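On a predicted model such as this, the values are computed, not experimentally measured, just so you know.
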Amino acid sequence: MNNNIKRVVVKVGTNVLTNKDNRILGPVLRELVRQIAVLYEEDIMVILVSSGSAIAGMEVLGDTDIKDKSVRRQVYSAVGQPRMMRHYYSIFHDYGMHCAQILATKRDFDAGKHRQNMINCYEGLLSEGVIPIANEDDAVSLTMSMFSDNDELASLVAELLDADRLIILSDTDGLYTGHPDDEDSIRLHEVKTNQNVEQYVQASDKKEGEGRGGMASKLKIAKGTANKDIPTYIANGKRENVIIDIINNKAVGTKFISA
């Protein structure tokens with residue numbers, strides 16, 4: 001295990017946490033927590049940025065008569081967030097660990113007392129060995145000031161806490177030179193921030209509840225975070241042991257480093 005790594009921010013997307021029927025996958029959550037527990041025993045603290053609240057809310061409520069898309073998302077997220085935390089709380093408890101929920105809006109990262117207050121909260125939790133689980137506070141976030149997606153939130157948290165790594169878990173194995181399913185596509189193992197790899201990004205067509213981020217967003221965030229001297233990875237969150245393999249410098253996913 002890399003002894004120089006003490007803090008890792010892991011972002012897990014909705015497409016990792018759900019199946020094709022948009023149901024939350026318990027085994028994926030358990031494998032995620034298992035890896036966090038392994039790192040914890042090596043004195044590496046993980047800050048988890050987890051999507052999935054809107055999908056979890058849709059599982060509970062099903063279809064709704066609410067016409068306004070923003071209000072509908074607020075309702076689904078407000079109902080689904082405690083459900084997600086119940087899943088996480090139960091699994092972390094099985095490993096003898098504690099977790100905590102931190103819901104943030106973009107304003108909380110502005111310089112001043114809001115930012116410092118959030119730093120104090122994270123630092124307090126980490127000092128007690130508690131795993132923070134972050135998400136956007138969709139129930140109160142204003143549309144014009146929302147995070148572009150949880151990739152952006154994860155990047156801001158990584159910078160806020162001076163993390164050693166940012167790992168963005170998606171449903172693909174990394175950045176490819178074409179569509180991941182094409183035979184001619186090659187996975188890029190390492191990308192420097194001055195390389196023009198945007199040409200390889202495929203358009204994304206996401207359905208409601210699936211999350212706002214696509215590969216274009218992940219690429220932008222990965223480069224931006226790497227430019228802040230935080231090596232960043234895009235990798236497949238459904239791959240067994242993916243987080244631990246990345247920490248052990250195995251050839252997993254796509255690594256982004258500053259030029």
Side-chain angles (χ1 to χ4, degrees), residues 1-19 25 27-52 131 149-151 154-155 157-158 163-193 195 197-198 200-202 204 211 213-259:
M1 201 72 71
N2 193 329
N3 293 327
N4 295 322
I5 297 178
K6 294 300 178 185
R7 287 185 178 180
V8 179
V9 174
V10 174
K11 183 264 180 177
V12 57
T14 301
N15 287 346
V16 175
L17 299 174
T18 57
N19 63 13
L25 292 168
V28 172
L29 292 179
R30 283 190 287 274
E31 169 62 9
L32 186 64
V33 173
R34 180 195 70 78
Q35 293 178 75
I36 294 172
V38 170
L39 294 180
Y40 180 80
E41 292 298 320
E42 298 291 335
D43 294 323
I44 298 173
M45 292 298 292
V46 172
I47 300 92
L48 181 61
V49 179
S50 176
S51 302
I131 303 299
D149 48 48
N150 269 352
D151 300 324
S155 176
V157 170
D164 300 301
R165 297 287 187 276
L166 169 61
I167 300 173
I168 299 174
L169 297 179
S170 181
D171 56 353
T172 61
D173 291 320
L175 180 63
Y176 284 78
T177 56
H179 193 282
D181 294 336
D182 291 346
E183 288 184 5
D184 297 334
S185 293
I186 300 171
R187 177 168 59 88
L188 301 174
H189 295 277
E190 185 174 284
V191 172
K192 291 188 177 180
T193 53
Q195 289 180 253
V197 292
E198 283 75 10
Y200 302 133
V201 174
Q202 304 292 313
S204 175
M215 185 54 75
S217 165
K218 288 172 175 53
L219 177 53
K220 179 181 177 182
I221 293 298
K223 279 190 167 186
T225 311
N227 270 330
K228 297 168 186 171
D229 291 325
I230 303 173
T232 300
Y233 296 78
I234 297 175
N236 193 332
K238 292 181 178 179
R239 182 185 186 279
E240 186 178 359
N241 223 45
V242 60
I243 301 171
I244 295 170
D245 285 346
I246 286 173
I247 298 303
N248 284 326
N249 293 317
K250 293 188 178 180
V252 176
T254 300
K255 179 181 182 180
F256 294 81
I257 57 174
S258 59

| Where V252 and A235 come nearest, the two heavy atoms and their spacing | CG1-CB, 4.4 Å

| said: Check whether T193 reaches the backbone of K223 with its side chain - one donor and one acceptor, N or O, closer than 3.5 Å. | reply: no

| note | Between V9 and A154 the two heavy atoms that sit nearest each other are CG1-O, 3.8 Å

| request: Just jot down the salt bridge (Lys or Arg N to Asp or Glu O under 4.0 Å) partners of R30, sequence neighbours excluded, or say none. | output: none

| Which residue pairs pass the salt bridge (Lys or Arg N to Asp or Glu O under 4.0 Å) test with at least one member in residues 173-188, sequence neighbours excluded? | none

| task | Flag the pair D245 / R239 as yes when at least one side-chain heavy-atom distance between them is below 4.5 Å, and no otherwise. | result | yes

Could you give the side-chain donor-acceptor pairs of residues 38-48 under 3.5 Å, partners two or more places apart or in another chain?
none

| Is the shortest heavy-atom distance from the side chain of L169 to the side chain of L32 under 4.5 Å? | yes

| remark: Looking only at heavy atoms, the pair that brings L175 and T254 closest together is N-OG1, 2.8 Å

| Min side-chain heavy-atom separation I246-K255 under 4.5 Å | no

| Looking at side-chain heavy atoms only, is the closest gap between L219 and Y200 below 4.5 Å? | no

| remark: Tightest non-hydrogen contact, residues S258 and D229, listed as OG-OD1, 3.5 Å

